[in-house]
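Some notes on the structure that comes next.
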Number of protein chains: 2
Amino acid sequence: MRASVTTIEPNGHFCSDCAVRGFAVCASLDPEELREFEHLGRRVHFAAGETVFSEEDITTSFYNLLEGVMRLYKLLPDGRRQIVGFALPGDFLGMNISDRHNFSADAIGAVTVCQFAKAPFGRFIEDRPHLLRRINELAIRELGQARDHMVLLGRRSADEKVATFLLGWRERLFSLKGSSNTVPLPMSRQDIADYLGLTIETVSRTFTKLERHGAIEILHGGISLRDPARVEALAAA
Amino acid sequence: MRASVTTIEPNGHFCSDCAVRGFAVCASLDPEELREFEHLGRRVHFAAGETVFSEEDITTSFYNLLEGVMRLYKLLPDGRRQIVGFALPGDFLGMNISDRHNFSADAIGAVTVCQFAKAPFGRFIEDRPHLLRRINELAIRELGQARDHMVLLGRRSADEKVATFLLGWRERLFSLKGSSNTVPLPMSRQDIADYLGLTIETVSRTFTKLERHGAIEILHGGISLRDPARVEALAAA
DNA sequence: CGCGCCGTTGATTTGAATCAAGTATTGTGG
DNA sequence: CCACAATACTTGATTCAAATCAACGGCGCG
């Protein structure tokens, strides 16, 4: 779905109040820099299902996710899809070397991003090595996650994939919202399947199996971890 | 295999003569900086099969690969292995956020690296943003490759995996040694299997099948692309 | 020369995909 | 607010691609 009714707020917001101030790229900026930085970004809203940018697009902007969840994915010519990650608030999107995005990004549910035009953002970084270092840090962290995910895709069974996903997703939400055995899953079964390199049927069956074994409870829009130790045992393997 | 008979050369080498000078991290340094940089790195040799660093090791050094090929991999507790990449001359290894390497690295065949102690290297970067930018660039490039590989692992068939691997490997060698339809494969079938998320038998069968169809010829230590168009068609899917 | 590793090939099994319904949930227009 | 269409999810039957199990040939090395 292409962006249609996106809303661009007038600049009536302040970075200092921003929900992701503490852990996004901008965490590396001091209060003075932040005031300058404020003029670079614009808050933009996307509705559920809208595409924020596409794989083949020329990169004109970078994005700092403020609210909501996004799916990041690549498509093969015949339509097969691999989701390469889910983005959560604080994630920084759009860095690349080829001047083109190398994946597409859709809003899952309503999303708010802080959008930066590429050129001014580049200029702002130019003489602020600490911001560059922060960006580098985020890139290296992502690279580590990407490698972990390769292990999952290449060498784990369906059961292990699903168990690992549930625990990993809970862990990510934990650092945003605190610990809970109730794990919201805003993405569809198809999204989960395309993330784990499985089919929707296999994901569904695996969820059901986990529930039958008392490891989880399937809720609307999520799951509850009934027996975390059991799920961990499955994921470790 | 652990490093045993590694050789450390006395500092009788010059960065300006270095084979990877033009495209490694150090490409971003001017001649004066290079002279200072020279004192930071030491050339170290590893024999075939030796481990340069391991997943669980504390990071004490960064490595610039000068000669040879390395396999980078992660292991699951039960021994399943996923090769997350092959390193070629010019590749920069060891960057991480957790102070631990998040993968292991073995020499495939004889290898020469330029080894940098972490602390002095960090200090050297400190006031040289262009070097940091270069490192960032390499990290982002790798991230793109990692995402491509996720698509391969999660969504491609065995035939597509092998065909894509052969073309990709040829492409990488091309930028080092120029174009050729003869593609050396210094890694074992097991390595290829662990890179592609397949078994050794499936890799072997797929090679044989490609040969029977006249797409490739299997040589000792490599293959020859007889019908590149056909291999490309398989890889595209 | 013979042992061991690497790669190939064949037979069989199996985990996940595919094919095929059916049920629940959400959204829409009357 | 309800009827109905569309979408999301589940479940079952069957197929199939790749894994596993098994054996053998070739090459390299002590």
Side-chain angles (χ1 to χ4, degrees), chain A residues 1 47-49 71 76 78-83 106 108-110 152-166 184-213 216-223 234 237, chain B residues 1 47-49 71 76 78-82 106 108-109 152-166 184-213 216-223 234 237:
Chain A
M1 197 198 293
R71 60 172 164 256
L76 288 174
D78 65 0
R80 281 174 287 175
R81 183 177 70 157
Q82 177 66 46
I83 290 185
D106 290 350
I108 296 179
L152 178 142
L153 290 171
R155 287 293 177 232
R156 283 181 175 281
S157 71
D159 288 2
E160 291 169 351
K161 284 176 175 182
V162 170
T164 305
F165 165 69
L166 291 176
L185 297 174
M187 69 292 284
S188 70
R189 294 287 190 271
Q190 185 64 65
D191 287 341
I192 297 173
D194 286 347
Y195 181 57
L196 300 177
L198 297 172
T199 59
I200 185 174
E201 293 96 330
T202 299
V203 171
S204 185
R205 274 186 250 276
T206 307
F207 271 57
T208 308
K209 183 160 70 168
L210 286 172
E211 187 173 49
R212 261 205 318 272
H213 292 25
I216 67 169
E217 187 181 350
I218 300 173
L219 310 171
H220 281 231
I223 60 113
L234 268 174
Chain B
M1 199 196 293
R71 60 173 165 255
L76 288 173
D78 64 0
R80 281 174 287 176
R81 183 177 71 156
Q82 177 66 45
D106 291 350
I108 297 180
L152 178 142
L153 289 171
R155 286 293 177 234
R156 284 181 174 281
S157 70
D159 288 2
E160 291 169 351
K161 284 177 176 181
V162 170
T164 304
F165 165 68
L166 291 177
L185 297 174
M187 69 291 285
S188 69
R189 292 287 189 272
Q190 186 63 65
D191 287 341
I192 297 174
D194 286 347
Y195 181 57
L196 300 177
L198 297 172
T199 58
I200 185 174
E201 293 96 330
T202 299
V203 171
S204 184
R205 276 187 247 276
T206 307
F207 271 57
T208 307
K209 183 159 68 165
L210 285 172
E211 188 172 48
R212 263 204 316 273
H213 292 24
I216 67 169
E217 187 182 351
I218 300 174
L219 310 172
H220 280 239
I223 59 113
L234 268 173

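In what follows, chains are A, B, ... by sequence order, proteins preceding strands, each numbered from 1. These numbers come from a predicted model, not from an experiment.
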Any residue in residues 185-194 of chain B with a heavy atom nearer than 4.0 angstrom to DNA chain C? Just list them by number, or reply none. B/S188, B/R189
Distance col, row A/R81:CZ vs B/R155:CZ, nearest 0.5 angstrom, shows 8.5 Å
Can you give me the first and the last nucleotide of DNA chain C (5' to 3') that has an atom within less than 4.0 angstrom of a non-hydrogen atom in chain A? C/dA16 to C/dT25
Spacing of OG belonging to A/S157 relative to CZ belonging to B/R80, to within rounding of 0.5 Å: 6.5 Å
Salt bridge between B/R71 and B/D194, side-chain N to carboxylate O under 4.0 Å? no
Contact class for B/G221 vs. all strands (heavy atom < 4.0 Å): base, sugar-phosphate, or nothing? nothing
Side-chain heavy-atom pair A/E160, A/L234 within 4.5 angstrom cut-off: no
Identify, between A/E201 and A/D159, the residue whose nearest nucleotide on DNA chain C lies closer to the 5' end. A/D159
Take the protein atom CG of B/L196 and the nucleotide atom C1' of D/dA19, then report the distance between them rounded to whole Å. 15 Å
Could you check how far CZ of B/R80 sits from P of D/dA19, rounded to whole Å? 13 Å
Looking at A/F207, is A/R189 sitting on its ring face, NZ or CZ under 6.0 Å from the six-membered ring centre and within 45 degrees of the normal? yes
Residue whose nearest DNA chain D nucleotide is more 5′ - A/T208 or B/L198: A/T208
So if I take every side-chain heavy atom of A/R205 and compare against D/dC27, D/dG12, D/dA18, which nucleotide ends up nearest? D/dG12
With side-chain contact (heavy atoms from CB on, under 4.5 Å) as the test, pick out the partner of A/V162 among A/I192, A/L210, A/I216. A/L210
In whole angstrom, what separates A/L210's CG from D/dT10's C1'? 15 Å
Can you tell me which residue among B/V203, B/T202, B/L196 is in a side-chain contact (heavy atoms from CB on, under 4.5 Å) with B/T199? B/T202
Working for side chain to side chain contact (heavy atoms under 4.5 Å, CB included), residues A/I223 and A/E217: CA-CA 6 Å; A/I223 60 113; A/E217 187 181 350; over 6 Å; no
